[in-house]
Amino acid sequence: MLKSILAAAGLAAAVLPALASPAWAQTNDFAGFDVAQGRTLGEKLVICDRARLLSNPPSRDAQRVFVRVDNQRFDLALPPDFTRPSGWYDYDLERAYDRLRARGLVNREEVRAAQETYRTPWLSRAERPSVSERRFLRTQSEACTRLVREASRR
C-alpha cells in the first residue's frame with residue numbers, strides 16, 4: 001500500500017511540472033490575434049489568417065479539415081495549425097500575400113517568422129471562443145479585408 005502511494009507521488013512529481021510548462025499550458029487569449037498588434041504587413045497577414053481560422057475553429061480531435069478555396073474547390077488542412085500545404089488557412093489572404101510578395105512589400109522570412117509566433121492554439125470544446133470572442137475575431141476578419149484592399153492599392 002505504501003509502495004503504491006509513493007509510486008503515485010513520484011509520478012505526480014514528475015508529470016505535473018511538465019504539464020505546467022509552456023509547451024503544455026496553452027492560454028487562449030484571443031486578443032493576441034489583434035491585427036493592430038502586427039508590426040509588419042506580413043505579420044498582419046498571418047494574424048488575419050489565424051483570426052479567420054479561430055472565428056470557427058475545427059475540433060481539437062480533427063485529423064483533417066477541408067478549407068473552401070472557391071465555390072467548387074476545397075483544400076485539405078492538417079493539424080496542428082490546420083493550414084493548407086502552403087502554410088495558409090485562408091485562400092484570399094494567401095493570394096494577397098502572393099501579390100504583395102511579388103511587388104516586394106512582404107517577404108517569405110517575415111511571414112514564416114510570424115507563422116511560428118502566431119501558432120494556432122489547440123482548443124478543447126471548453127476553450128473554444130465565446131460569443132464575444134467570436135465577435136472580436138469576426139471584427140478582425142473585417143479589418144483584414146480592409147487591410148488587404150489598402151495594401152493591394154499600394
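In what follows, every heavy atom counts, from backbone to side chain, and hydrogens, waters and symmetry copies are set aside.
Across every non-hydrogen atom of Cys48 and Val35, the tightest pair is SG-CG2, 3.6 Å. Pairing each heavy atom of Val148 with each of Ala96, the nearest pair is CG1-CB, 3.5 Å. Counting all heavy atoms, side chain and backbone alike, Leu147 lies closest to Lys44 at CD2-CB, 3.8 Å. Minimum heavy-atom separation, Arg101 to Arg108: NH1-NH2, 3.3 Å. The minimum heavy-atom distance between Arg84 and Tyr89, with the atom names listed, is NE-O, 3.4 Å. Closest heavy-atom contact between Ala114 and Glu43: CB-CA, 3.8 Å.
Distance check: Leu45 CG to Thr40 OG1 gives 8.5 Å after rounding to the nearest 0.5 Å. Separating the OG atom in Ser86 from the CD atom in Glu94 is a distance of 3.5 Å, to the nearest 0.5 Å. Note that OG1 of Thr117 is 9.0 Å distant from CD1 of Ile47, once rounded to the nearest 0.5 Å. Atom CG of residue Leu54 and atom CZ of residue Phe33 lie 5.0 Å apart, to the nearest 0.5 angstrom.
A donor-acceptor distance shorter than 3.5 angstrom exists from the side chain of Arg52 to the backbone of Ser141, with no hydrogens or angles considered. Judged by distance alone, the side chain of Gln115 and the main-chain N or O of Gly87 form a donor-acceptor pair under 3.5 Å. A donor-acceptor contact shorter than 3.5 Å links the side chain of Glu110 to the backbone of Asn107. In this structure, Arg50 contributes its side chain and Tyr118 its backbone to a donor-acceptor pair below 3.5 Å. With hydrogens and angles ignored, the 3.5 Å screen pairs no side-chain donor or acceptor of Asp49 with any backbone N or O of Trp88.
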Would Tyr91 and Val67 count as a side-chain contact (heavy atoms from CB on, under 4.5 Å) if you check the C-alpha gap in whole Å, the side-chain angles of each, and the deciding distance to 0.1 Å?
CA-CA 8 Å; Tyr91 185 70; Val67 179; over 6 Å; no
Apply side-chain contact (heavy atoms from CB on, under 4.5 Å) to Leu100 and Leu41, showing your working.
CA-CA 9 Å; Leu100 294 169; Leu41 185 54; 3.8 Å; yes
Dump the intermediate steps for salt bridge (charged side-chain N to carboxylate O under 4.0 Å, His left out) on Asp92 and Arg95, then the final yes or no.
CA-CA 5 Å; Asp92 292 332; Arg95 283 191 331 190; 3.5 Å; yes
Using the side-chain contact (heavy atoms from CB on, under 4.5 Å) rule, take Phe136 and Asp34 through it: C-alpha gap first, then chi angles, then the decisive distance, then the call.
CA-CA 9 Å; Phe136 165 77; Asp34 184 353; 4.0 Å; yes
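Looking at heavy atoms from C-beta onward, Leu53 lies in side-chain contact with Phe82 at the 4.5 angstrom threshold.
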